[in-house]
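Following: one structure in structure tokens, then a few remarks.
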Amino acid sequence: MKLIAWWQLLSGLSHGKQWAFVELMERSDAVADQANQSAHVKITSSAAGIALPLQLAVETLECALRLFGRRSKKTWNQPEDASEPETVSYSESQAE
């Protein structure tokens, strides 16, 4: 379920869906002006909100490229594809 949620969020961001931007942004410093019935809200993205999806995207790309290298036909297979080490995620590397 967690993977599906990340997929939907990243898909929404990549396709420019407004709900994805609203979910990722953090709202603060709301100032209401009663005279003209308006409000100003500071909307920012946290470093973690950007870094975590970026890390997941890079790990996914690395995995996809490695699988492509292993499963590609002999005609396009590069020698360096066979020598690639197994993917170790950041959390697994920190646990060791």
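The basis for the numbers below is simple: all heavy atoms, side chains too, and nothing from hydrogens, waters or symmetry mates.
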Pairwise distance CG(Leu61) to CG(Leu56) - rounded to 0.5 angstrom: 12.5 Å

Non-neighbouring partners of Asp33 that pass side-chain hydrogen bond (donor to acceptor under 3.5 Å, both in side chains), sequence neighbours left out: none

Partner residues of Ser91 under the side-chain hydrogen bond (donor to acceptor under 3.5 Å, both in side chains) criterion, sequence neighbours left out: Ser89

